[in-house]
Amino acid sequence: MMSVTIQSLDFTAKIWLACGCSSNASFERCSVRNYAKVKSRVWTGGCGARKSACWRRVTTQCRVSSMKTVEPEPAVNGRTKYSQGLSTGLDLKNDPESPISPAKLFEVVGDDLLTLNKNLKSIVGAENPVLMSAAEQIFSAGGKRMRPALVFLVSRATAELVGMKELTTKHRRLAEIIEMIHTASLIHDDVLDESSLRRGKETVHQLYGTRVAVLAGDFMFAQSSWYLANLENLEVIKLISQVIKDFASGEIKQASSLFDCDLQLDEYLIKSYYKTASLIAASTKGAAIFSGADSSITEKMYEYGRNLGLSFQIVDDILDFTQTAEQLGKPAASDLAKGILTAPVIFALEKEQKLRDIIESEFSETGSFEEAIALVKSSGGIERAQELAKEKADIAIQSIQCLPQSAYRLALESMVAYNLQRIV
(Lines give C-alpha, C1' and ligand atoms only; values in the text may rest on other atoms or scores of the structure.)
Protein backbone atom coordinates (compact mmCIF):
# COMPACT_ATOMS: atom_id res chain seq x y z
CA MET A 1 0.00 0.00 0.00
CA MET A 2 1.42 3.36 -0.97
CA SER A 3 1.00 6.62 0.91
CA VAL A 4 0.39 9.81 -1.05
CA THR A 5 0.35 13.22 0.61
CA ILE A 6 -1.86 15.97 -0.84
CA GLN A 7 -0.73 19.33 0.50
CA SER A 8 -2.50 22.66 0.26
CA LEU A 9 -2.50 25.64 2.62
CA ASP A 10 -1.40 24.62 6.10
CA PHE A 11 -2.47 21.02 6.35
CA THR A 12 -1.45 17.53 5.31
CA ALA A 13 -4.03 14.96 4.29
CA LYS A 14 -2.63 11.45 4.07
CA ILE A 15 -4.24 9.29 1.43
CA TRP A 16 -3.96 5.51 1.37
CA LEU A 17 -4.38 4.10 -2.09
CA ALA A 18 -6.53 1.03 -1.79
CA CYS A 19 -9.35 -0.40 -3.83
CA GLY A 20 -12.49 -2.03 -2.56
CA CYS A 21 -14.62 0.84 -1.35
CA SER A 22 -17.50 0.33 1.02
CA SER A 23 -20.65 2.40 1.14
CA ASN A 24 -20.75 2.93 4.88
CA ALA A 25 -20.84 6.70 4.81
CA SER A 26 -24.00 7.57 2.99
CA PHE A 27 -25.56 10.87 3.94
CA GLU A 28 -28.50 10.57 6.30
CA ARG A 29 -31.11 13.16 5.54
CA CYS A 30 -32.65 14.87 8.51
CA SER A 31 -36.33 15.64 8.73
CA VAL A 32 -36.46 19.42 8.98
CA ARG A 33 -39.50 20.51 10.89
CA ASN A 34 -41.08 23.83 11.70
CA TYR A 35 -39.18 25.84 9.08
CA ALA A 36 -41.19 28.92 9.91
CA LYS A 37 -40.09 28.85 13.56
CA VAL A 38 -36.91 30.78 14.03
CA LYS A 39 -35.93 28.76 17.09
CA SER A 40 -36.40 25.32 15.53
CA ARG A 41 -33.43 22.94 15.90
CA VAL A 42 -32.17 20.07 13.77
CA TRP A 43 -29.55 17.63 15.05
CA THR A 44 -27.70 15.13 12.93
CA GLY A 45 -24.68 14.29 15.02
CA GLY A 46 -21.18 13.70 13.77
CA CYS A 47 -20.99 16.96 11.83
CA GLY A 48 -19.23 19.12 14.37
CA ALA A 49 -15.88 20.63 13.60
CA ARG A 50 -12.95 19.12 15.41
CA LYS A 51 -9.33 20.01 15.47
CA SER A 52 -7.12 17.40 13.89
CA ALA A 53 -3.41 16.96 14.34
CA CYS A 54 -3.12 15.78 10.76
CA TRP A 55 -3.78 19.26 9.34
CA ARG A 56 -0.51 21.04 8.98
CA ARG A 57 1.31 22.07 5.83
CA VAL A 58 0.34 21.34 2.27
CA THR A 59 2.22 20.56 -0.94
CA THR A 60 1.74 17.94 -3.56
CA GLN A 61 4.44 15.40 -4.15
CA CYS A 62 3.80 15.31 -7.89
CA ARG A 63 3.78 18.03 -10.51
CA VAL A 64 1.67 18.81 -13.51
CA SER A 65 3.43 19.15 -16.83
CA SER A 66 3.23 22.58 -18.46
CA MET A 67 -0.19 23.14 -19.97
CA LYS A 68 -0.76 24.80 -23.32
CA THR A 69 -3.96 25.57 -25.13
CA VAL A 70 -4.50 22.94 -27.76
CA GLU A 71 -7.12 22.31 -30.38
CA PRO A 72 -9.64 19.58 -29.57
CA GLU A 73 -8.64 16.20 -30.90
CA PRO A 74 -10.25 12.77 -31.08
CA ALA A 75 -10.24 10.71 -27.91
CA VAL A 76 -8.28 7.49 -27.68
CA ASN A 77 -9.68 5.02 -25.18
CA GLY A 78 -11.68 7.82 -23.62
CA ARG A 79 -8.71 10.17 -23.36
CA THR A 80 -7.19 12.71 -25.71
CA LYS A 81 -3.50 12.66 -26.51
CA TYR A 82 -3.16 15.76 -24.34
CA SER A 83 -4.91 14.23 -21.34
CA GLN A 84 -2.71 11.13 -21.56
CA GLY A 85 0.24 13.38 -20.80
CA LEU A 86 -1.41 14.81 -17.70
CA SER A 87 -0.30 12.12 -15.30
CA THR A 88 1.32 13.97 -12.43
CA GLY A 89 0.13 16.26 -9.68
CA LEU A 90 0.28 19.95 -8.78
CA ASP A 91 3.03 21.30 -6.54
CA LEU A 92 1.62 24.26 -4.65
CA LYS A 93 4.57 24.72 -2.35
CA ASN A 94 7.36 24.64 -4.94
CA ASP A 95 5.44 26.33 -7.75
CA PRO A 96 3.78 29.36 -6.12
CA GLU A 97 3.81 31.26 -9.40
CA SER A 98 1.47 28.69 -10.95
CA PRO A 99 -1.48 28.29 -8.58
CA ILE A 100 -4.11 25.70 -9.31
CA SER A 101 -6.91 26.99 -11.49
CA PRO A 102 -10.11 25.31 -12.71
CA ALA A 103 -9.07 26.07 -16.29
CA LYS A 104 -5.96 23.91 -15.86
CA LEU A 105 -7.75 21.16 -13.97
CA PHE A 106 -10.55 20.92 -16.50
CA GLU A 107 -8.34 20.80 -19.59
CA VAL A 108 -8.31 17.05 -19.23
CA VAL A 109 -12.04 17.12 -20.10
CA GLY A 110 -11.75 20.21 -22.27
CA ASP A 111 -13.30 18.61 -25.33
CA ASP A 112 -16.28 17.48 -23.27
CA LEU A 113 -16.81 20.99 -21.94
CA LEU A 114 -16.55 22.53 -25.41
CA THR A 115 -19.34 20.26 -26.58
CA LEU A 116 -21.43 21.13 -23.52
CA ASN A 117 -20.99 24.88 -24.08
CA LYS A 118 -22.20 24.56 -27.66
CA ASN A 119 -25.31 22.69 -26.58
CA LEU A 120 -26.42 24.75 -23.59
CA LYS A 121 -27.83 27.83 -25.29
CA SER A 122 -29.81 25.90 -27.86
CA ILE A 123 -31.15 23.50 -25.25
CA VAL A 124 -32.41 26.28 -23.01
CA GLY A 125 -33.72 28.99 -25.26
CA ALA A 126 -34.72 27.58 -28.60
CA GLU A 127 -38.47 27.81 -28.05
CA ASN A 128 -38.80 31.48 -27.14
CA PRO A 129 -36.90 34.62 -28.25
CA VAL A 130 -36.96 36.12 -24.75
CA LEU A 131 -35.67 32.92 -23.20
CA MET A 132 -33.04 32.70 -25.92
CA SER A 133 -31.88 36.20 -25.05
CA ALA A 134 -31.89 35.38 -21.34
CA ALA A 135 -29.98 32.16 -22.01
CA GLU A 136 -27.38 34.10 -23.99
CA GLN A 137 -26.95 36.46 -21.05
CA ILE A 138 -26.71 33.61 -18.56
CA PHE A 139 -24.23 31.37 -20.32
CA SER A 140 -22.09 34.11 -21.87
CA ALA A 141 -21.45 35.38 -18.34
CA GLY A 142 -18.89 32.61 -18.07
CA GLY A 143 -18.30 30.69 -14.89
CA LYS A 144 -16.05 27.74 -14.18
CA ARG A 145 -18.57 25.06 -15.28
CA MET A 146 -17.37 23.20 -12.21
CA ARG A 147 -20.38 20.92 -11.84
CA PRO A 148 -20.48 19.57 -15.40
CA ALA A 149 -16.68 19.28 -15.30
CA LEU A 150 -17.02 17.09 -12.21
CA VAL A 151 -19.60 15.00 -14.08
CA PHE A 152 -17.12 14.44 -16.90
CA LEU A 153 -14.18 13.76 -14.58
CA VAL A 154 -16.07 11.19 -12.53
CA SER A 155 -17.62 9.73 -15.69
CA ARG A 156 -14.23 9.14 -17.26
CA ALA A 157 -12.59 7.96 -14.03
CA THR A 158 -15.33 5.41 -13.32
CA ALA A 159 -15.50 4.42 -17.00
CA GLU A 160 -11.84 3.44 -16.76
CA LEU A 161 -12.64 1.47 -13.62
CA VAL A 162 -15.25 -0.68 -15.39
CA GLY A 163 -13.43 -0.88 -18.73
CA MET A 164 -15.71 1.48 -20.65
CA LYS A 165 -13.84 3.07 -23.55
CA GLU A 166 -16.00 6.15 -24.18
CA LEU A 167 -18.70 8.17 -22.48
CA THR A 168 -22.35 7.59 -23.31
CA THR A 169 -24.88 10.17 -24.43
CA LYS A 170 -26.42 9.83 -20.95
CA HIS A 171 -23.19 11.04 -19.33
CA ARG A 172 -23.24 14.12 -21.56
CA ARG A 173 -26.92 14.80 -21.04
CA LEU A 174 -26.44 14.54 -17.27
CA ALA A 175 -23.75 17.24 -17.41
CA GLU A 176 -26.10 19.53 -19.35
CA ILE A 177 -28.96 18.89 -16.93
CA ILE A 178 -26.74 19.64 -13.93
CA GLU A 179 -25.59 22.96 -15.40
CA MET A 180 -29.17 23.96 -16.28
CA ILE A 181 -30.34 23.22 -12.72
CA HIS A 182 -27.41 25.14 -11.26
CA THR A 183 -28.03 28.14 -13.52
CA ALA A 184 -31.77 28.14 -12.78
CA SER A 185 -30.98 28.23 -9.07
CA LEU A 186 -28.63 31.19 -9.61
CA ILE A 187 -31.33 33.14 -11.48
CA HIS A 188 -33.77 32.60 -8.62
CA ASP A 189 -31.10 33.37 -6.00
CA ASP A 190 -30.35 36.69 -7.70
CA VAL A 191 -34.05 37.57 -7.58
CA LEU A 192 -34.33 36.65 -3.88
CA ASP A 193 -31.12 38.51 -3.02
CA GLU A 194 -31.95 41.46 -5.30
CA SER A 195 -28.49 41.14 -6.82
CA SER A 196 -27.72 43.39 -9.78
CA LEU A 197 -24.52 41.65 -10.92
CA ARG A 198 -23.50 38.06 -11.54
CA ARG A 199 -19.88 37.38 -12.59
CA GLY A 200 -19.50 41.04 -13.49
CA LYS A 201 -22.56 41.16 -15.73
CA GLU A 202 -26.08 42.39 -15.12
CA THR A 203 -28.38 39.69 -13.80
CA VAL A 204 -31.35 38.44 -15.78
CA HIS A 205 -33.90 40.15 -13.54
CA GLN A 206 -31.95 43.40 -13.76
CA LEU A 207 -32.13 43.29 -17.57
CA TYR A 208 -35.54 41.76 -18.18
CA GLY A 209 -37.41 42.27 -14.93
CA THR A 210 -38.31 39.96 -12.07
CA ARG A 211 -41.21 38.32 -13.90
CA VAL A 212 -39.06 37.17 -16.83
CA ALA A 213 -36.25 36.07 -14.50
CA VAL A 214 -38.56 33.92 -12.38
CA LEU A 215 -40.15 32.39 -15.47
CA ALA A 216 -36.75 31.80 -17.07
CA GLY A 217 -35.57 29.97 -13.97
CA ASP A 218 -38.80 27.97 -13.83
CA PHE A 219 -38.47 27.08 -17.50
CA MET A 220 -34.91 25.85 -17.00
CA PHE A 221 -35.96 23.70 -14.05
CA ALA A 222 -38.82 22.28 -16.14
CA GLN A 223 -36.62 21.75 -19.20
CA SER A 224 -33.97 19.97 -17.14
CA SER A 225 -36.67 17.77 -15.58
CA TRP A 226 -37.92 16.80 -19.04
CA TYR A 227 -34.43 15.84 -20.19
CA LEU A 228 -33.92 14.02 -16.88
CA ALA A 229 -37.04 11.91 -17.41
CA ASN A 230 -35.80 10.98 -20.88
CA LEU A 231 -32.67 9.46 -19.38
CA GLU A 232 -34.97 6.65 -18.25
CA ASN A 233 -32.93 5.77 -15.18
CA LEU A 234 -35.12 5.78 -12.10
CA GLU A 235 -32.22 5.97 -9.64
CA VAL A 236 -30.78 9.07 -11.30
CA ILE A 237 -34.23 10.65 -11.73
CA LYS A 238 -34.87 10.30 -7.98
CA LEU A 239 -31.37 11.55 -7.17
CA ILE A 240 -31.59 14.75 -9.26
CA SER A 241 -35.24 15.42 -8.42
CA GLN A 242 -34.29 15.46 -4.74
CA VAL A 243 -31.77 18.22 -5.50
CA ILE A 244 -34.49 20.59 -6.70
CA LYS A 245 -36.43 19.91 -3.52
CA ASP A 246 -33.25 20.51 -1.49
CA PHE A 247 -32.80 23.96 -3.06
CA ALA A 248 -36.20 25.04 -1.76
CA SER A 249 -35.58 23.44 1.64
CA GLY A 250 -32.28 25.28 1.95
CA GLU A 251 -33.86 28.65 1.16
CA ILE A 252 -36.67 28.06 3.65
CA LYS A 253 -34.25 26.94 6.35
CA GLN A 254 -32.05 29.98 5.75
CA ALA A 255 -34.98 32.39 5.83
CA SER A 256 -36.23 30.88 9.09
CA SER A 257 -32.98 31.45 10.96
CA LEU A 258 -32.01 35.03 10.13
CA PHE A 259 -30.25 36.81 13.02
CA ASP A 260 -30.67 33.64 15.11
CA CYS A 261 -27.62 33.44 17.34
CA ASP A 262 -28.68 30.02 18.65
CA LEU A 263 -28.10 28.49 15.23
CA GLN A 264 -26.08 25.31 15.60
CA LEU A 265 -23.21 24.21 13.39
CA ASP A 266 -25.10 21.06 12.39
CA GLU A 267 -27.98 23.17 11.12
CA TYR A 268 -25.58 25.33 9.13
CA LEU A 269 -24.10 22.20 7.52
CA ILE A 270 -27.55 20.86 6.64
CA LYS A 271 -28.48 24.18 5.02
CA SER A 272 -25.15 24.23 3.17
CA TYR A 273 -25.81 20.71 1.94
CA TYR A 274 -29.24 21.68 0.64
CA LYS A 275 -28.07 24.86 -1.10
CA THR A 276 -24.68 23.76 -2.45
CA ALA A 277 -23.48 20.21 -1.79
CA SER A 278 -26.63 18.33 -2.79
CA LEU A 279 -26.25 19.15 -6.49
CA ILE A 280 -22.52 18.37 -6.52
CA ALA A 281 -23.09 15.04 -4.77
CA ALA A 282 -25.86 14.13 -7.21
CA SER A 283 -23.59 15.11 -10.12
CA THR A 284 -20.75 12.84 -9.09
CA LYS A 285 -22.94 9.90 -8.08
CA GLY A 286 -25.09 10.13 -11.22
CA ALA A 287 -21.96 10.08 -13.39
CA ALA A 288 -20.77 6.87 -11.70
CA ILE A 289 -24.20 5.27 -12.12
CA PHE A 290 -24.14 5.86 -15.88
CA SER A 291 -20.69 4.28 -16.01
CA GLY A 292 -22.17 1.11 -14.58
CA ALA A 293 -20.09 1.22 -11.39
CA ASP A 294 -21.29 -0.87 -8.47
CA SER A 295 -23.10 0.67 -5.51
CA SER A 296 -20.02 0.87 -3.29
CA ILE A 297 -18.29 3.05 -5.88
CA THR A 298 -21.33 5.24 -6.56
CA GLU A 299 -21.70 5.90 -2.83
CA LYS A 300 -18.04 6.89 -2.61
CA MET A 301 -18.55 9.31 -5.50
CA TYR A 302 -21.56 10.72 -3.65
CA GLU A 303 -19.43 11.25 -0.53
CA TYR A 304 -16.75 12.96 -2.60
CA GLY A 305 -19.29 15.39 -4.08
CA ARG A 306 -21.03 16.02 -0.77
CA ASN A 307 -17.87 16.83 1.16
CA LEU A 308 -16.31 18.82 -1.68
CA GLY A 309 -19.54 20.84 -1.84
CA LEU A 310 -19.57 21.47 1.90
CA SER A 311 -15.91 22.49 1.83
CA PHE A 312 -16.61 24.88 -1.05
CA GLN A 313 -19.48 26.52 0.82
CA ILE A 314 -17.43 26.93 3.98
CA VAL A 315 -14.57 28.48 1.99
CA ASP A 316 -17.00 30.88 0.28
CA ASP A 317 -18.30 31.89 3.70
CA ILE A 318 -14.74 32.52 4.91
CA LEU A 319 -13.95 34.64 1.85
CA ASP A 320 -16.99 36.77 2.62
CA PHE A 321 -14.97 38.06 5.60
CA THR A 322 -11.43 38.00 4.21
CA GLN A 323 -11.80 39.44 0.70
CA THR A 324 -12.66 42.95 -0.41
CA ALA A 325 -15.85 43.96 -2.17
CA GLU A 326 -13.86 44.26 -5.40
CA GLN A 327 -12.56 40.69 -5.09
CA LEU A 328 -15.98 39.31 -4.18
CA GLY A 329 -17.95 41.29 -6.74
CA LYS A 330 -20.40 42.19 -3.98
CA PRO A 331 -20.26 43.94 -0.58
CA ALA A 332 -18.02 42.18 1.93
CA ALA A 333 -19.76 40.30 4.76
CA SER A 334 -23.03 40.63 2.84
CA ASP A 335 -24.47 37.46 4.40
CA LEU A 336 -23.94 38.78 7.89
CA ALA A 337 -25.57 42.08 6.92
CA LYS A 338 -28.68 40.12 5.90
CA GLY A 339 -28.66 38.12 9.13
CA ILE A 340 -27.36 34.91 7.52
CA LEU A 341 -25.01 33.34 10.05
CA THR A 342 -22.24 31.21 8.57
CA ALA A 343 -19.46 29.07 10.03
CA PRO A 344 -17.07 31.91 11.00
CA VAL A 345 -19.88 33.69 12.86
CA ILE A 346 -21.18 30.53 14.54
CA PHE A 347 -17.70 29.78 15.89
CA ALA A 348 -17.16 33.39 16.95
CA LEU A 349 -20.44 33.42 18.87
CA GLU A 350 -19.10 30.68 21.14
CA LYS A 351 -16.59 33.20 22.55
CA GLU A 352 -18.11 36.64 22.04
CA GLN A 353 -21.24 37.60 23.98
CA LYS A 354 -20.97 41.11 22.59
CA LEU A 355 -21.24 39.72 19.06
CA ARG A 356 -24.50 38.03 20.03
CA ASP A 357 -25.88 41.31 21.37
CA ILE A 358 -24.94 43.17 18.18
CA ILE A 359 -26.44 40.57 15.85
CA GLU A 360 -29.66 40.21 17.85
CA SER A 361 -30.07 43.99 17.66
CA GLU A 362 -29.80 43.61 13.85
CA PHE A 363 -26.98 46.20 13.77
CA SER A 364 -29.24 48.95 15.02
CA GLU A 365 -26.42 51.14 16.31
CA THR A 366 -24.07 53.11 14.10
CA GLY A 367 -20.81 51.23 13.56
CA SER A 368 -22.13 47.99 15.05
CA PHE A 369 -21.87 46.09 11.77
CA GLU A 370 -18.19 46.94 11.39
CA GLU A 371 -17.65 45.99 15.04
CA ALA A 372 -19.31 42.62 14.43
CA ILE A 373 -16.94 41.90 11.54
CA ALA A 374 -13.96 42.79 13.72
CA LEU A 375 -15.17 40.45 16.47
CA VAL A 376 -15.55 37.56 14.03
CA LYS A 377 -11.98 38.09 12.88
CA SER A 378 -10.46 38.54 16.35
CA SER A 379 -12.25 35.62 18.00
CA GLY A 380 -10.69 32.88 15.90
CA GLY A 381 -13.93 32.15 14.06
CA ILE A 382 -12.25 32.29 10.65
CA GLU A 383 -9.45 29.94 11.68
CA ARG A 384 -11.91 27.38 13.06
CA ALA A 385 -13.95 27.59 9.87
CA GLN A 386 -10.75 26.91 7.92
CA GLU A 387 -10.23 23.75 9.97
CA LEU A 388 -13.77 22.64 9.18
CA ALA A 389 -13.26 23.24 5.45
CA LYS A 390 -10.08 21.16 5.56
CA GLU A 391 -11.82 18.39 7.49
CA LYS A 392 -14.48 18.06 4.78
CA ALA A 393 -11.78 18.24 2.10
CA ASP A 394 -9.92 15.33 3.69
CA ILE A 395 -13.05 13.17 3.60
CA ALA A 396 -13.58 14.07 -0.06
CA ILE A 397 -10.02 13.03 -0.94
CA GLN A 398 -10.34 9.73 0.89
CA SER A 399 -13.58 8.95 -0.92
CA ILE A 400 -11.94 8.72 -4.35
CA GLN A 401 -9.00 6.50 -3.51
CA CYS A 402 -10.96 3.56 -4.93
CA LEU A 403 -10.55 5.03 -8.43
CA PRO A 404 -7.66 3.92 -10.62
CA GLN A 405 -4.70 6.25 -10.94
CA SER A 406 -5.36 8.52 -13.91
CA ALA A 407 -5.40 12.12 -15.05
CA TYR A 408 -9.08 12.23 -14.10
CA ARG A 409 -8.59 11.10 -10.53
CA LEU A 410 -5.69 13.52 -10.22
CA ALA A 411 -7.93 16.37 -11.36
CA LEU A 412 -10.59 15.35 -8.82
CA GLU A 413 -7.97 15.39 -6.05
CA SER A 414 -6.53 18.69 -7.24
CA MET A 415 -10.03 20.20 -7.30
CA VAL A 416 -10.09 19.76 -3.52
CA ALA A 417 -6.68 21.43 -3.22
CA TYR A 418 -7.82 24.29 -5.50
CA ASN A 419 -10.73 25.02 -3.19
CA LEU A 420 -8.53 25.20 -0.10
CA GLN A 421 -5.96 27.26 -1.99
CA ARG A 422 -8.56 30.04 -2.13
CA ILE A 423 -8.07 30.69 1.60
CA VAL A 424 -4.26 30.70 1.59
Side-chain angles (χ1 to χ4, degrees), residues 32 34-42 48-49 185-186 188-198 200 203 205-206 210 247 249-276 310 312-389 422-423:
V32 182
N34 301 322
Y35 277 122
K37 296 182 179 179
V38 172
K39 300 298 182 181
S40 63
R41 291 287 161 266
V42 182
S185 72
L186 294 182
H188 283 177
D189 282 351
D190 288 339
V191 172
L192 290 172
D193 297 340
E194 299 181 349
S195 301
S196 58
L197 293 175
R198 165 73 62 178
T203 54
H205 78 88
Q206 187 76 10
T210 299
F247 281 150
S249 296
E251 289 295 341
I252 295 169
K253 184 166 182 61
Q254 180 171 283
S256 69
S257 58
L258 298 178
F259 297 101
D260 180 8
C261 292
D262 292 321
L263 184 73
Q264 300 294 311
L265 182 65
D266 290 345
E267 295 175 87
Y268 161 78
L269 289 172
I270 293 170
K271 185 263 293 182
S272 298
Y273 171 79
Y274 286 156
K275 288 176 63 67
T276 303
L310 289 173
F312 252 95
Q313 185 59 59
I314 296 164
V315 168
D316 280 346
D317 293 338
I318 292 169
L319 294 177
D320 202 35
F321 286 95
T322 60
Q323 289 192 335
T324 64
E326 289 74 20
Q327 290 172 309
L328 292 168
K330 62 179 182 178
S334 58
D335 280 345
L336 180 60
K338 299 170 187 173
I340 301 170
L341 308 191
T342 56
V345 180
I346 292 170
F347 286 125
L349 282 167
E350 295 177 5
K351 293 185 176 181
E352 293 288 350
Q353 177 61 43
K354 188 173 184 180
L355 178 61
R356 171 182 288 266
D357 296 338
I358 292 173
I359 292 173
E360 289 182 341
S361 74
E362 300 186 15
F363 313 115
S364 58
E365 296 183 11
T366 302
S368 60
F369 179 64
E370 291 72 19
E371 184 178 4
I373 295 174
L375 287 171
V376 171
K377 292 180 177 179
S378 64
S379 67
I382 290 173
E383 289 76 14
R384 290 184 65 188
Q386 288 174 335
E387 292 173 3
L388 180 60
R422 297 190 296 153
I423 49 174

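Taken to the nearest 0.5 Å, the CD atom of E370 stands 10.0 Å off from the CD1 atom of I358. From D317, atom CG reaches atom OG1 of T342 across 4.5 Å, with rounding to the nearest 0.5 Å. Remark: C261 SG to D357 CG distance equals 8.5 Å, nearest 0.5 Å. Distance CD1/I318 to CD/E383: 9.0 Å, rounded to 0.5 Å. Here CG of L269 is found 8.0 Å from CD1 of I346. Values are rounded to the nearest 0.5 Å. Between the CG atom in L310 and the CG atom in L388 there is a gap of 8.0 Å [rounded to 0.5 Å].
Nearest heavy atoms, F321 versus I373: CD2-CG2, 4.3 Å. Here the closest non-hydrogen pair linking A372 and L336 is CB-CD2, 4.2 Å. For the pair G250 and K271, the tightest heavy-atom approach, listed with the atom from each and the gap, is O-CG, 3.7 Å. What you find for A348 and L355 is that their closest heavy atoms are CB-CD2, 3.6 Å.
Every residue meeting the ring pair (Phe, Tyr, Trp, His ring centres under 6.0 Å) condition with F369, not counting sequence neighbours, appears here in chain and number order: F363.
Between D260 and E267 the shortest side-chain heavy-atom distance does not fall below 4.5 Å. With a 4.5 Å cut-off on side-chain heavy atoms, I423 and L319 count as touching. With a 4.5 Å cut-off on side-chain heavy atoms, D335 and V345 do not count as touching. Two residues are said to be in side-chain contact when any heavy atoms from C-beta on lie closer than 4.5 Å; R384 and E350 meet this criterion. In this structure, F312 and R422 have side chains that are in contact, with non-hydrogen atoms separated by less than 4.5 Å. A heavy-atom distance below 4.5 Å is not found between the side chains of L349 and D262. Taking 4.5 Å as the limit, every side-chain heavy atom of I270 sits out of range of all side-chain heavy atoms of Q264. Residues H188 and E251 fail the side-chain proximity criterion, which asks for heavy atoms closer than 4.5 Å.
More than 12 heavy atoms of other residues, nucleotides or ligands sit less than 6.0 Å from atom NZ of K338. At most 12 non-hydrogen atoms from other residues, nucleotides or ligands lie less than 6.0 angstrom from CD of E365.
If you check the side chains of Q313 and S272, you find no donor sitting under 3.5 Å from an acceptor.
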Determine, step by step, whether I382 and T322 satisfy the side chain to side chain contact (heavy atoms under 4.5 Å, CB included) criterion, reporting the C-alpha distance in whole Å, the side-chain angles of both residues, the deciding distance to 0.1 Å, and the verdict. CA-CA 9 Å; I382 290 173; T322 60; 3.9 Å; yes
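Panel note: side chain S379, backbone V376; a donor-acceptor pair is recorded below 3.5 Å.
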